[in-house]
Amino acid sequence: MSKVGKLPVAIPAGVTISVADGVITVKGPKGELKQAYSSDIEIKVEGTEAVLTTKNNAKQTNAYHGLYRALIANMVKGVSEGFTKTLVITGVGYRAEVKGKELVMNLGYSSDYIAIIPEGLTVATTPDGKVTITGIDKQLVGEFSSQIRKLRKPEPYKGKGIRYDNEVIRRKVGKTGVK
C-alpha cells in the first residue's frame with residue numbers, strides 16, 4: 001500500500017464528493033471538478049473523510065493509490081480555497097496587462113506576446129510587474145504559469161525575465177574588463 005494513499009482526505013464544510021461509474025466529482029463553493037479513476041481503486045466517502053483502498057497489491061495499483069489520493073486532495077482544496085501562482089516580470093520595459101481574455105506582454109521582443117487565458121482561470125496584473133494566476137484546478141494553474149515563465153526565463157547576470165514570486169535566481173558576477 002502507498003503511504004500517501006493510506007491517509008484519508010478531509011472534506012471541509014460546503015464540499016461534497018460523489019463517486020459514480022469510475023468518475024469522482026467534487027463540488028464546492030468555487031466550482032466543480034471531475035476526475036476519472038482506475039477500477040483497481042475503491043473510493044468511499046465516510047462522513048467528513050474520503051478513504052481510498054486498493055483491490056489488489058500490484059505495483060501499479062499501489063502507485064495509483066497515492067496518485068488518486070493526492071488528486072482528490074487537490075480537488076477538495078481547489079473547490080474550497082483555490083490555487084494561486086504569482087509571477088514577477090523584471091526588466092526595463094517589460095510589462096504585462098490583461099485585455100479581455102488575453103494576457104498581453106511586452107518582453108523585449110520586436111512585438112508583444114499575446115497569451116489566451118484558459119477557461120477557468122483568472123489573471124490579474126499590477127503596475128509593478130506582478131502577474132497573479134488563480135483557479136480551482138491545480139494542474140491548469142501550474143501549466144499556464146509555466147508556459148508564461150517559459151517565454152522569458154530569468155537570466156543570471158541582470159535577473160531580467162519572468163520568475164515565480166518565491167523563486168530565487170542565482171546571480172553571476174559578469175565580466176569586469178580589468179586585466
Checklist entry - Taking 4.0 angstrom as the limit, do R95 and E97 come out as a salt bridge? => result no
Checklist entry - Counting only heavy atoms not in K55, do more than 12 fall under 6.0 Å of its NZ? => result yes
Item to check | Worked check of side chain to side chain contact (heavy atoms under 4.5 Å, CB included) between T125 and L103 | outcome: CA-CA 9 Å; T125 59; L103 178 63; 4.0 Å; yes
Next on the checklist: According to a hydrophobic-cluster definition based on side-chain heavy atoms being under 4.5 Å apart (Ile, Leu, Val, Met, Phe, Trp, Tyr only), do Y157 and V88 belong together?
Outcome noted: no
Checklist outcome for this item: Rounded to the nearest 0.5 angstrom, the CD1-OH distance for I89 and Y94 is 10.0 Å
Checklist entry - Which value, rounded to the nearest 0.5 Å, describes the distance between K6 atom NZ and L52 atom CG? => result 13.5 Å
Checklist entry - Which heavy atom of G31 sits nearest a heavy atom of I136, and at what distance? => result CA-CD1, 4.1 Å
Next on the checklist: Quick check: is V76 connected to L140 through a chain of hydrophobic side chains (ILVMFWY, heavy atoms under 4.5 Å apart)?
Outcome noted: no
Item to check | Closest non-hydrogen atom pair, P29 against G14 | outcome: CD-O, 3.7 Å
Checklist entry - CD1 of I133 to CD of E143: how many Å apart, nearest 0.5 Å? => result 11.0 Å
Item to check | Minimum side-chain heavy-atom gap L33-T25 below 4.5 Å | outcome: no
Next on the checklist: What I'd like to find out is whether the side chain of V51 reaches to under 4.5 Å of the side chain of V45, using heavy atoms alone.
Outcome noted: no
Item to check | Contact summary for R163 and P154, nearest pair of heavy atoms | outcome: CB-CG, 4.0 Å
Next on the checklist: If I take atom CD1 from residue I41 and atom CG from residue N62, how far apart are they, to the nearest 0.5 angstrom?
Outcome noted: 8.0 Å
Next on the checklist: Within the 4.5 Å heavy-atom criterion, are R69 and V9 side-chain neighbours or not?
Outcome noted: yes
Checklist entry - If we ignore angles and hydrogens, is there a donor and acceptor under 3.5 Å between the side chains of T61 and T54? => result no
Checklist entry - Mind checking whether S146 and Y164 have side chains closer than 4.5 Å, heavy atoms only? => result yes
Item to check | Trace of the side chain to side chain contact (heavy atoms under 4.5 Å, CB included) decision for S18 with I24 | outcome: CA-CA 6 Å; S18 60; I24 184 161; over 6 Å; no
Checklist entry - In terms of hydrophobic clustering (I, L, V, M, F, W, Y; side-chain heavy atoms under 4.5 Å; direct or indirect links), are Y68 and V19 co-clustered? => result yes
Checklist entry - Taking side chain as C-beta onward, heavy atoms only, is I162 less than 4.5 Å from L107? => result yes
Next on the checklist: Once rounded to the nearest 0.5 Å, what's the spacing between atom NZ of K160 and atom OG1 of T90?
Outcome noted: 11.0 Å
Item to check | Contact check, side chains of V15 and V26, non-hydrogen atoms, under 4.5 Å | outcome: yes
Checklist entry - More than 12 non-hydrogen atoms from neighbouring residues, nucleotides or ligands closer than 6.0 Å to NZ on K34, yes or no? => result no
Item to check | Worked check of side chain to side chain contact (heavy atoms under 4.5 Å, CB included) between Q35 and I72 | outcome: CA-CA 8 Å; Q35 173 69 46; I72 292 169; over 6 Å; no
Checklist entry - Is it true that atom CD of E46 has more than 12 heavy atoms of other residues, nucleotides or ligands lying nearer than 6.0 Å? => result yes
Next on the checklist: Please determine whether a side-chain nitrogen of the Lys or Arg among E167 and R149 lies less than 4.0 Å from a carboxylate oxygen of the Asp or Glu.
Outcome noted: yes
Next on the checklist: Could you go through N56 and D40, starting from their C-alpha distance and side-chain angles, then the distance that decides it, and tell me whether this counts as side chain to side chain contact (heavy atoms under 4.5 Å, CB included)?
Outcome noted: CA-CA 7 Å; N56 57 40; D40 293 334; 4.1 Å; yes
Checklist entry - Looking at CZ of F83 and CG of N74, how far apart are the two atoms once the value is rounded to the nearest 0.5 Å? => result 4.5 Å
Checklist entry - Out of curiosity, does I169 fall in the hydrophobic cluster containing L151 (side-chain heavy atoms, cut-off under 4.5 Å, transitive links)? => result no
Next on the checklist: Applying salt bridge (Lys or Arg N to Asp or Glu O under 4.0 Å) to E155 and K153, what does each step give before you reach the verdict?
Outcome noted: CA-CA 6 Å; E155 54 95 19; K153 290 184 180 174; over 6 Å; no
Item to check | Over-ring placement of R152 relative to Y109, 6.0 Å and 45° cut-offs | outcome: yes
Checklist entry - Is I17 reachable from L67 through a run of I, L, V, M, F, W or Y residues, each pair having side-chain heavy atoms under 4.5 Å apart? => result yes
Checklist outcome for this item: Heavy-atom closest pair (G5 atom, H65 atom, distance to 0.1 Å) is O-NE2, 3.2 Å
Item to check | Student check: side-chain heavy atoms of V79 and E32 closer than 4.5 Å | outcome: no
